[in-house]
Amino acid sequence: MEFPALKNDRYIKALLKQDTDTTPVWIMRQAGRYLPEYKETRKQAGSFLDLCMNPELACEVTLQPLRRFDLDAAILFSDILTIPDAMDLGLYFSEGEGPKFKNPIRTQADIKKLFVPDPSEKLRYVTDAVTLIRHELGGQVPLIGFSGSPWTLATYMIEGGSSKDYHHSKGLLYENPAALHQILDVIAQSVVLYLNAQIEAGAQSVMIFDTWGGVLSPEAYQEFSLRYMQQIVEQLHREYEGQTIPVTLFTKGGGQWIELIADTGCNGVGLDWTLSIDEARKRVGDKVALQGNLDPNVLYASAEIIRNHVKQLIEKFGNHNGHVFNLGHGIHQTVNPDHLKVLVDAVHEFGREIRQ
């Protein structure tokens with residue numbers, strides 16, 4: 001597949017720990033509800049799911065933040081629950097309550113019905129969006145594809161939606177670990193096919209979001225979350241059509257396990273804001289690039305305070321290769337977009353300074 005040559009490769013270079021002229025930056029949930037133009041497009045789509053499943057509109061909202069901000073990467077607009085939806089679990093969204101499934105996994109019979117969806121069929125709308133976005137980007141910046149981690153997807157599939165205590169998922173983990181492994185194995189196979197399909201469609205880097213890995217005990221994290229992410233990392237296209245495809249793993253609340261995450265063979269480790277980036281670097285050295293990790297709430301502060309926090313974080317990382325600036329989680333929907341512009345411009349300014 002022919003795509004325009006990449007003009008800005010800072011993000012890819014940083015993940016490969018190569019020299020960059022400044023620190024690259026992109027923002028989790030950068031295409032989303034804090035942008036008025038996103039809200040308009042979502043209204044046009046009719047619903048969040050319809051927006052995700054329309055390649056042209058998904059492309060439009062992916063590109064919207066790049067028109068406003070000097071970002072160094074685009075991330076595919078989609079949802080982590082596309083895989084369980086393709087498994088016929090009946091995904092729907094309740095206003096004010098988030099995602100829910102009509103057919104949660106609660107019994108052995110439910111587990112037996114699970115299957116690995118073919119990305120070229122039930123998830124074709126995602127790969128079509130990836131290819132369209134790559135063409136529309138025109139090589140401006142690289143495109144990131146993504147998936148939820150097996151454990152994170154399993155929690156939604158077993159709970160039937162979001163949860164505060166994960167009592168169905170964790171109950172299964174302790175009562176019948178073999179059954180949970182059955183579920184996780186099917187999901188992991190699905191994620192491998194899904195991410196490789198995104199890479200074949202044009203994604204230049206991929207990321208796995210382990211949003212709920214941090215709710216596990218250290219032993220359970222290694223057995224039920226990290227083990228499956230490592231399996232995925234080992235089976236992904238790491239080189240495709242002559243290009244290296246970097247992989248980033250992000251476990252929210254996973255700072256205590258960064259050495260183990262770095263040992264999976266991934267290129268980058270995403271950090272939330274609960275671990276100082278200089279401490280993280282001391283612990284993993286030059287083994288992996290680090291992504292993060294400003295507290296998203298800093299964006300509610302004044303421009304001067306945002307700039308100061310950006311400067312401090314870049315100075316903490318120091319004049320080393322391998323830093324992708326990001327928030328420690330997604331941008332909040334009530335943030336003023338002008339504040340994000342202050343952050344992005346400050347990252348490039350202070351990133352250049354530290355390299356002089």
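Because only heavy atoms are used, hydrogens play no part in the values below, and waters and symmetry mates are left out as well, while side chains stay in.
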- Query: Do Lys122 and Asp88 sit within salt-bridge range, that is, some charged N less than 4.0 Å from a carboxylate O?
  - Reply: yes

- Identify whether the distance between the nearest side-chain nitrogen and carboxylate oxygen of Arg355 and Asp21 falls below 4.0 Å. no

- Hits for salt bridge (charged side-chain N to carboxylate O under 4.0 Å, His left out) against Lys287, two or more places apart or cross-chain, chain-then-number order -> Asp263

- Message: Tell me which one of Asp210, Thr251, Thr211 satisfies side-chain hydrogen bond (donor to acceptor under 3.5 Å, both in side chains) with Thr152.
- Response: Asp210

- Note on the structure: In Phe250, Tyr166, Trp151, the residue satisfying ring-ring contact (aromatic ring centres under 6.0 Å, His included) with Trp212 is Tyr166

- Message: Do the side chains of Asp128 and Arg124 get close enough for a salt bridge, i.e. N-O under 4.0 angstrom?
- Response: yes

- Task: Please report the C-alpha distance between Gln189 and Asp185 in whole Å, then the side-chain angles of each, then the deciding distance to 0.1 Å, and finally whether the side-chain hydrogen bond (donor to acceptor under 3.5 Å, both in side chains) criterion is met.
- Result: CA-CA 6 Å; Gln189 292 177 54; Asp185 184 60; 2.9 Å; yes

- Donor-acceptor pair, side chain of Glu279 and main chain of Leu275, under 3.5 angstrom: no

- Item | Partners passing side chain to side chain donor-acceptor pair (under 3.5 Å) against Glu37 (at least two apart in sequence or in another chain) | Arg68

- Message: Is it the case that the ring center of Phe101 lies less than 6.0 angstrom away from the ring center of Tyr156?
- Response: no

- Mind checking what makes salt bridge (charged side-chain N to carboxylate O under 4.0 Å, His left out) contact with Glu60, not counting sequence neighbours? Arg67

- Examine Arg42 relative to Phe48 and say whether NZ or CZ is less than 6.0 Å from the centre of the six-membered ring and inside a 45° cone about the ring axis. no

- Quick one: do the Asp110 and Thr107 side chains pair a donor with an acceptor below 3.5 Å? yes

- Query: Can you tell me how far the OG1 atom of Thr248 sits from the CG atom of Leu290, to the nearest 0.5 Å?
  - Reply: 10.0 Å

- Item | Nearest-0.5 Å distance that lies between atom CD1 in Ile83 and atom CG in Leu89 | 11.5 Å

